[in-house]
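Below is one structure, written out as structure tokens, with a few remarks after it.
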Amino acid sequence: MGLTTRILIAMLAGIVIGVLFNFLNTSQLLGSGFTGFINAYITEGLFDVVGRIFIASLKLMVVPLVLVSLVCGACALSEGSRIGPLAGKTVLLYLLTTAAAITLALCLAMVIQPGVGVEVTADATFEAQESPPLADVLVNIFPTNPVEAMAQGNMLQIIVFALLMGYAISRCGEPGRRIASFFNDLNEVILRMVGVLMVFAPYGVFALLAKTFATLGMEFILDLGKYFLVVLGALLVHALGFYSILLKLLSGLNPLELIKKMRPAQVFAFSTASSAATIPVTLSTVEKRLGVDNKIAAFTVPLGATINMDGTAIMQGVATVFISQMYGIDIGLMGYLTVILTATLASIGTAGVPGVGLIMLAMVLQQVGLPLEGIAIVMGVDRLLDMVRTAVNITGDAVVSTIVARSEGALSEETFNDRNYNSVSGTAGASPQ
């Protein structure tokens, strides 16, 4: 049985067990003593510990993988002076997909009207964190201490430092070639470490989803069912429709191949709800299964995990319409255009800030004069939606990486079209046992 199949089975088993435990807890069918034991020792004990260890092991690989891969990629790109055009194309595509995502969300929400008829909860409150000033955002992209940036996991600063180091290495002659060779060897070792961690992935995925659904259950969706379904529908249309059209138009490649090969990374993103934690899996999948050269993927994937927020943009679009309808406030055409512009630019402006999704939504609501208390209402179903939109985000990272690699002549079509590729980090035609 291949790793992808085992992960999918673990995901489904985790959801089933979680819903079952939630039902036993709410119904008290087997008595309070038994359900208390399940909550204390299994849900909050075993599942929580295994899930947190799994997330920690993934985060362990993020900084070294991004730094080393990006240094290797920058060395190769600097020799042909392609860093500028590559960065321009990548950022432009990420902004395009974000703008398209929020436009789609606004259109669907205005047609379906999820907020009409919803009663406002009187005691709903939300305290918005302030977004950083634009000047600080620009200054903070450049690290003053690269070690501190790596310790804090500040991805934009790590990217800048790695690009600078890679460029310098490529201009140092023989000493630079020796250092570049060391980084290339180190990159292979780190990728092997990722492969080792993948063996334990099904257990981590099972524990994370079992705890999530045991805690939340399915009933919480019913209160905001229409809002939930509109966001979910917009996410699926964007992931399966817009990305497919974009990939076909700009690269001529088969979108179905990309979607099928991204399943392992999508499952990881769904279970972790963190694009950053999924970087090792996304990067390995994009390189080994889609055939994107490391010098491209090492730049586009970490950057996408930081600034590509299509899933969050969709949530903001639907939430804005939902809150405006719920409070009976018409923000008009200019208001919706402001939402599109604000959310698109904020996807870069708030990159790397904790709680970025809610900060971005607060910024959007403030721009169009909607009450921030509405955020507290939609937060009830945000955890599960966050899992889905993270899977959408990393799919967008893969699509942009593939398009950019094809335009740079750095894509192996043989690997992309190889239908026997079953491994997340192995070789074509191999399936780990």
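Remember, it's a predicted structure, so these values are computed and weren't measured experimentally.
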Subject >> Test side chain to side chain contact (heavy atoms under 4.5 Å, CB included) applied to Leu92 - qualifying residues, sequence neighbours left out >> reply: none
Subject >> side-chain hydrogen bond (donor to acceptor under 3.5 Å, both in side chains) partners for Ser401, two or more places apart >> reply: Thr300
Subject >> With sequence neighbours excluded, residues passing side chain to side chain contact (heavy atoms under 4.5 Å, CB included) with Arg177 >> reply: Glu174
Subject >> Partner set under salt bridge (charged side-chain N to carboxylate O under 4.0 Å, His left out) for Asp386, not counting sequence neighbours >> reply: Arg389
**OP:** Taking the side chain as every heavy atom from C-beta outward, state whether Ile102 and Val364 have any atom pair closer than 4.5 Å.
**Re:** no
Subject >> Qualifying residues under side-chain hydrogen bond (donor to acceptor under 3.5 Å, both in side chains), relative to Ser324, sequence neighbours excluded >> reply: none
Original post:
Do the side chains of Tyr336 and Val368 get nearer than 4.5 Å, heavy atoms only?
Top reply: no
Subject >> ring pair (Phe, Tyr, Trp, His ring centres under 6.0 Å) involving Tyr41 - partner list, sequence neighbours excluded >> reply: Phe37
Subject >> Listed partners of Thr282 passing side-chain hydrogen bond (donor to acceptor under 3.5 Å, both in side chains), at least two apart >> reply: none
Subject >> Parallel, tilted or perpendicular: rings of Phe206 and Phe47 (30°, 60°) >> reply: perpendicular
Which side-chain N or O atoms in residues 56-63 pair as donor and acceptor under 3.5 Å with protein atoms at least two apart or in another chain?
from  : atom 1 : to    : atom 2 : distance (Å)
Ser57 : OG     : Ile53 : O      : 3.4
Ser57 : OG     : Phe54 : O      : 2.7

**OP:** Using salt bridge (charged side-chain N to carboxylate O under 4.0 Å, His left out) as the criterion, list what pairs up with Glu148, not counting sequence neighbours.
**Re:** none
**OP:** Name all residues meeting the side chain to side chain contact (heavy atoms under 4.5 Å, CB included) criterion together with Thr103; count only those two or more places apart in sequence or in a different chain, and write none if there are none.
**Re:** Cys107, Ile340
Subject >> Contacts of Ser69 that satisfy side chain to side chain contact (heavy atoms under 4.5 Å, CB included) - sequence neighbours left out >> reply: Leu65, Asn187, Leu283, Asn294, Ala298
Subject >> salt bridge (charged side-chain N to carboxylate O under 4.0 Å, His left out) assessment of Glu408 paired with Lys89 >> reply: CA-CA 10 Å; Glu408 294 285 325; Lys89 283 189 285 189; 2.5 Å; yes
Could you list the donor-acceptor pairs under 3.5 angstrom formed between side-chain atoms of residues 230-243 and any protein atom two or more places apart in sequence or on another chain?
from   : atom 1 : to     : atom 2 : distance (Å)
His238 : NE2    : Asp310 : OD2    : 3.1
Tyr243 : OH     : Asp310 : OD2    : 2.5

